[in-house]
Amino acid sequence: MSSSPPASLNPAQLEAVHHLSGPCLVIAGAGSGKTRVITTKIARLLEGGYLPRQIAAITFTNKAAQEMRERAKSLVGPKAAKDLAISTFHSLGVRLLREEGSRLGLKEQFSILDSDDVLSVLKDAGGTTDINTARQWQWTISLWKNQGLNAAQAAAAAKNDNERAAAAVMTRYQERLAAYQAVDFDDLIQLPLKLLTTDAEARAKWQDKLRYVLVDEYQDTNAVQYELLKSLVGDRGMFTAVGDDDQSIYGWRGATIENLKRLPSDYPLLKVIPLEQNYRSTGAILRAANNVIAGNPKIYEKKLWSEYGDGEPIALLECDGEEHEAERAVARINALRAEGKAPNYSDFAILYRANHQARIFEQALRRAQIPYKVSGGQSFFDRAEIKDLCAWLRLLVNQDDDPAFLRAVSTPKRGIGHQTLGSLGEFAAKWKCSMFEALFAESLSSALSTRAIGSLHEFGRYVNDLEYRARHAEGHEAARTLLMEWLLDIGYEQHLTDSEENEKVAAARWSNVIDFIDWIAKRCGGLPEDGGQESEKQTVLQVAQTISIILSIAERGDEQDQVTLTTLHASKGLEWPHVLLAGVNEGLLPFKVEDDDMTPERLQEERRLMYVGITRARQTLAVSTLRRRKKGRETIAGIPSRFIAEMKLHEGSGREDPREKLKRMRAELAAQAAARATPNG
DNA sequence: TTAAGGGTGATTTTT
DNA sequence: TCACCCTTAA
């Protein structure tokens, strides 16, 4: 490998890559090649003597982490790439807690609850069956945790009855997590921070382990993540934060751009490097983006530019209602394809503010027989009933899977409540074993009543029995029989009817369950294939073992030639040759519900959302707005978003507006005449 | 009185 | 699309 990065990096990128002596903040405009900077910098660090495992690159999503590792691999080779500590905030937290959790009284195999698990613990802890109440609590508690508040502090900060109730539930919730030896996603950040701030030995150890830290999407960090980074990098402050204040759109879930503002004062040696050259969009698109974002106060000055030509002017589509908007979107897609400007359907994206806006576009695209995919919607496997059953299967495969145990043991309810599970959890923590293992321990009788132990044993025996049968049921018929027996044994259909008021919903859930059973049974084989041959038979247990792999492949529906429909939020980080921003109306973008006062901060975040949307486009951008929209039975006037005016579509290049062009030419002629009149000043 | 069916309204989401 | 509310019919 050459000693210097590829010559094709621009000066700002080079500066960002080569600044190794201290803290570095890269303000990476949209499409400015930030991933390239991060991966090149990793290569540079390796050359500078860092070991791969000493370099931590932190992202927000698993997908981003995976992509970064891939990109790094092509630059530094597979061996070094494998050892790099590239991970999400949360998986870094998991790593820390697995290794050091004992210092916080956490057993090594603690459980991580997903948001579904959290919801059921909250329902239980708060004594409600109402999902919306529980969701409200979950939301409030999570925000508090993201601000670094514990239950007591939250109680003190609570401003109204709802918040006071949430704080009270939070206390019980935390007790329960502790008893189960479980943590939630927020704890994966909060607890490592607690460890590093209270335990000097652990802090020194980890600061030594991770010598250099790179953070991607820095503008999305919350208060707790800021503190975690701060204690990870210590006084040495060897880190590179890469982010864009103009793309901070997650304030509502705790991200704070204070983290960007604070950085220079917390690290006086901080080197701030803006990346302004854009390698993605045409001049017209960038001009509109710059014009819109100019309405926001700046933290760091930055203006995107590119070497590409001005390109197509931005199209403004004024529509008579949602149906019309969808029709025009379809027409535009067909037109651009007919003109040969877009060979593939995957060159198009339709972006909108709220998920439900996808519906009407789906209808229109289906009618026009244009393939599309809606990203963001929850998949079949995210449904509660499917996750219930997956928990059972996971437990069959691995009895030490505590979250699976907790879910299976309590769905359906079988007289094993949180008291029993709490004691079992404590017992398991004490003996450093899984909850399932603990359940058969002799000495458990000292911790639990005979009756509780009886129920637990009954459950344990049933799981073992089921595991035995699953090991032997082979082929789709045997599988289906077994799986249906299982559902009957645990009374799952009854559970659905009991837990759901609405009979129709319960029936729909049950039908999902049947689909899922069929899906597994089919995978157990023994069915004739295309060649007439029977497929190879597998046992239910074998299929259960591969289920997580199958699920992750099943999710991969991309690679297809389809138009993308997605929310503005989910579009961040992506790009398409042709983008349509839909429903750019007051009330929707910026979003506003009746009688709420829009704070300047809220409006600014909405503006950044618009900015993110605009900068997704490479070649053409269309912005559609509703002149009329339906409200109930009547049609009301739609007001175009203020952001449309802010784009200043008729200013700038002079190409779109002949009047502007004329004015400029006159001014130029006058200037020339003036220059001739007074030669050389 | 109850069930069924239409109409309506909807922030944004990852771990 | 999905959940909820209100109307309507038996």
Side-chain angles (χ1 to χ4, degrees), chain A residues 58-66 87-95 97 112-118 130-132 135 138-139 142-143 145-146 183-192 216-217 220-222 224-225 228 247-255 322 351-363 366 372 374-380 382-384 403 500-509 512 555 565-573 582-583 585 587-594 596 598 602 605-610 612-613 629-634 636:
Chain A
I58 306 176
T59 63
F60 275 85
T61 64
N62 288 316
K63 195 175 154 222
Q66 210 179 320
S87 73
T88 63
F89 268 101
H90 297 268
S91 38
L92 179 67
V94 173
R95 187 179 150 201
L97 292 180
I112 302 162
L113 303 187
D114 69 14
S115 57
D116 248 37
D117 300 329
V118 167
D130 180 45
I131 190 118
N132 288 324
R135 281 214 187 104
Q138 182 177 26
W139 170 254
S142 176
L143 271 182
K145 286 182 142 191
N146 284 333
V183 301
D184 63 23
F185 288 132
D186 302 320
D187 290 333
L188 292 177
I189 314 295
Q190 208 181 27
L191 293 176
D216 192 17
E217 304 282 12
D220 290 341
T221 51
N222 63 39
V224 183
Q225 285 160 336
L228 180 63
Q247 292 186 69
S248 164
I249 54 174
Y250 286 108
W252 50 274
R253 69 177 194 206
E322 281 94 341
L351 310 182
Y352 38 78
R353 179 63 225 257
N355 279 312
H356 68 262
Q357 290 176 268
R359 191 186 129 257
I360 198 112
F361 287 101
E362 284 188 73
Q363 281 177 356
R366 231 183 338 236
Y372 66 87
V374 187
S375 85
Q378 61 145 232
S379 86
F380 180 73
D382 291 334
R383 295 171 170 281
E500 181 53 60
E501 288 279 304
N502 189 330
E503 233 173 82
K504 254 186 159 172
V505 175
R509 299 226 161 117
N512 286 334
E555 303 270 345
L565 301 184
T566 189
T567 61
L568 286 162
H569 281 93
S571 76
K572 185 156 72 78
N585 274 61
L588 248 183
L589 184 64
F591 187 86
K592 188 182 190 320
V593 283
E594 308 256 315
D596 75 337
M598 173 112 62
R602 274 258 318 275
E605 184 154 316
E606 296 294 309
R607 188 174 282 117
R608 292 193 289 267
L609 204 49
M610 179 75 182
V612 166
R629 62 199 175 107
K630 272 196 297 229
K631 171 123 190 175
R633 231 153 275 155
E634 66 219 306
I636 60 163

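Not measured: the values here are computed from a predicted model. Here is how names work: the chains are called A, B, and so on, in the same order as the sequence lines, proteins then strands, and each is numbered from 1.
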In whole angstrom, give the distance that lies between atom NZ of A:K592 and atom P of B:dA10.
-> 13 Å
ring centroid sep under 5.5 Å plus plane angle under 30, A:W252 with B:dT12 = yes
Winner on side-chain proximity to A:R253, out of B:dT14, B:dT11, B:dA10, is B:dT14
Below 4.0 angstrom from OP1 or OP2 of C:dC2, is there any side-chain N or O of A:N355?
-> no
For the pair made of CD in A:Q138 and P in B:dT15, what is the distance, rounded to whole Å?
-> 15 Å
With sugar-phosphate meaning primed atoms plus P, OP1 and OP2, does A:F591 contact a base, only sugar-phosphate, or nothing at under 4.0 Å between heavy atoms?
-> base
A:N146 side-chain N/O to B:dT15 phosphate OP1/OP2 under 4.0 Å | no
When you measure from the side chain of A:Q363 to the backbone N and O of A:I360, does any donor-acceptor pair fall under 3.5 Å?
-> no
What integer distance in Å separates A:L97:CG from B:dT15:P?
-> 18 Å
Hey, are A:E606 and A:R353 close enough for a salt bridge, meaning a charged N less than 4.0 Å from a carboxylate O?
-> yes
Between atom CG in A:D220 and atom P in B:dT15, what is the gap in whole Å?
-> 12 Å
Given B:dT13, is OP1 or OP2 found less than 4.0 Å from the side-chain N or O atoms of A:T567?
-> yes
Quick one: does A:D187's side chain have a donor or acceptor within less than 3.5 Å of a partner on A:Q190's backbone?
-> no
Salt-bridge test for A:E605 and A:R602: reply yes if a basic N is under 4.0 Å from a carboxylate O, no otherwise.
-> no
Separation of B:dT12 atom C1' from A:E605 atom CD, nearest Å, is 9 Å
Of the listed C:dC4, B:dT12, B:dA10, the closest approach to the A:N132 side chain comes from C:dC4
Give one of base, sugar-phosphate or nothing for A:N62, where a contact means two heavy atoms less than 4.0 Å apart.
-> sugar-phosphate
Given B:dT11, B:dT12, B:dT15, which nucleotide is nearest the side-chain atoms of A:F185?
-> B:dT15
Calculate the interatomic distance between A:I189 atom CD1 and B:dT14 atom C1'; express it in whole Å.
-> 11 Å
Shortest non-hydrogen contact from A:A570 to A:Y250?
-> N-OH, 4.5 Å
Figure out the OH/P separation between A:Y352 and B:dA10, and round it to whole Å.
-> 18 Å
May I have the distance from A:D184 (atom CG) to B:dT13 (atom P), rounded to whole angstrom?
-> 21 Å
